[in-house]
Amino acid sequence: MKPLSSRLARLALLSCFSLPALAADDLDLSQVRKIVFVGDGSAIELSTDAGRPYRLQQERSWPFRDYCQVTQSLSQNVLTLGVKVNGSYPLSHCKVTFRANLPASRQVEILQGANSVDAQGLYDRFTLNSGASQIKFRGGANLLTLKGSALKADARLTGAQPRGKVVVDGRLASVYLAIERRAAVDYLLQGAMSSFDRGWRNQPGAPLRVEVNGEYIQATLAYL
C-alpha cells in the first residue's frame, strides 16, 4: 500500500485538474462615466438600478490557472475590462462573467470577439461591436449601436415616447426590435438577401430614429 502522504498528494493534484478556479471582485462604479469591455469574450450583465449599490462584480471559472487573463484599468473615470484566452485554448474554457450596476446615463462600449449581453436600464451611449454576439436589451439610450458579423439581438425600448437613435448592422443577424404602441419612430431598413417584418408605422422626423442594415438579416419590428 502506498504511504498516506503519497495518496494525499495524488488526490491534491487530481483536484487541481478537476475543480474550477473561482474568483470574484467587487469595485465601486459610482464615479465611472464609461465602462469598456475588450478582448476575446465574456458574459456581461448590466443595469442602472438606483435602488442597488453601483458595483462591479466578476466571476471567473476555468480548469487551469493559465487559461485566461483578466485585466482591469481605470483612467479619467473610464473603466476598461479585458479578457484574453492564452494559447490555443477555446473560449468556452474561459468563463468570465461581469455584472455591473451603473448610474443612469453612463456610456457602455463592448468590443469583443464573442459574448452574451443582458442589459437593462437607461444609458447615454451603448455600443456593441463584436464578432459574434447575443444581446438582450431592455431600456433606452440616446444612441444604441449593435454591430456584429453574427448577431442575435432582442431590443425592447421602454417609455411612451423614446428618443434617440438605434443603429443595427450585422452580416448574419436575427433582430427583434420592439417599442410602445404610442411611440413615434422614423426607420430605415436595407440589406441584401434580407427579410423584414414591418410592424411599425413609419413617421419621418420622429424623435426616435432606427436604422437596420447589412446582409442576411431577419428583422422584426413589433409593438410591446
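- For the pair Ser42 and Val96, the tightest heavy-atom approach, listed with the atom from each and the gap, is CB-O, 3.4 Å.
- A chain of hydrophobic side-chain contacts below 4.5 Å, direct or via other Ile, Leu, Val, Met, Phe, Trp or Tyr residues, connects Leu29 to Leu46.
- In this structure, Trp200 is not a member of the same hydrophobic cluster as Tyr176, with clusters built from ILVMFWY side-chain heavy atoms closer than 4.5 Å.
- In this structure, Ala153 and Leu146 approach most closely via the heavy-atom pair CB-CD1, 4.0 Å.
- At a threshold of 4.0 Å, the pair Asp118-Arg138 does not count as salt-bridged, since none of the basic side-chain nitrogens sits closer than that to a carboxylate oxygen.
- Cluster annotation: Leu122 is not connected to Leu144 through the hydrophobic network of ILVMFWY side chains, with a link wherever side-chain heavy atoms come within less than 4.5 Å.
- The line from CD1 of Ile44 to OG of Ser133 is 8.0 Å long, rounded to the nearest 0.5 Å.
- Side-chain atoms of Gln161 come within 3.5 Å of backbone atoms of Arg182 as a donor-acceptor pair (strictly under, hydrogens ignored).
- Residue Leu81 holds its CG atom at 8.0 Å from CG of Leu27, rounded to the nearest 0.5 Å.
- To the nearest 0.5 angstrom, Lys147 atom NZ is 11.0 Å from Leu111 atom CG.
- Checked by atom type, the side-chain pair Arg60/Gln58 shows a donor-acceptor distance below 3.5 Å.
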Under the side chain to side chain contact (heavy atoms under 4.5 Å, CB included) criterion, do Val38 and Thr80 qualify, and how do the steps go?
CA-CA 7 Å; Val38 298; Thr80 302; 4.1 Å; yes

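- Applying the ring pair (Phe, Tyr, Trp, His ring centres under 6.0 Å) criterion to Phe98, with sequence neighbours excluded, gives Phe37.
- Between atom CZ of residue Arg106 and atom CD1 of residue Ile35 there is a gap of 11.5 Å, rounded to the nearest 0.5 Å.
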Pairs of donor and acceptor atoms involving the side chains of residues 216-224, under 3.5 Å and at least two apart or interchain, shall be tabulated with distances.
residue	atom	partner	partner atom	Å
Tyr223	OH	Arg201	N	3.1

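- The residues Lys165 and Glu211 are annotated as salt-bridged, a charged nitrogen and a carboxylate oxygen being separated by less than 4.0 angstrom.
- Note on Lys136 versus Asp154: no salt bridge recorded, every NZ/NE/NH1/NH2 to OD/OE distance being 4.0 Å or above.
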Does the side chain to side chain contact (heavy atoms under 4.5 Å, CB included) test come out yes or no for Gln107 and Arg33, once each step is laid out?
CA-CA 6 Å; Gln107 296 185 25; Arg33 307 298 303 179; over 6 Å; no

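- More than 12 non-hydrogen atoms from other residues, nucleotides or ligands lie less than 6.0 angstrom from CZ of Arg55.
- Every residue two or more places apart in sequence or in another chain that forms a side-chain hydrogen bond (donor to acceptor under 3.5 Å, both in side chains) with Asn101 is listed here: Ser47.
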Can you list the steps and then say if Asn115 with Ser130 is a side chain to side chain donor-acceptor pair (under 3.5 Å)?
CA-CA 8 Å; Asn115 50 52; Ser130 298; 2.8 Å; yes

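- Results of the side-chain contact (heavy atoms from CB on, under 4.5 Å) test with Val210 over Asp186, Leu188, Val167, Val185 single out Val185 as the only residue that passes.
- Ring geometry for Phe137 versus Phe126: interplanar angle over 60°, hence perpendicular rather than tilted (30 to 60°).
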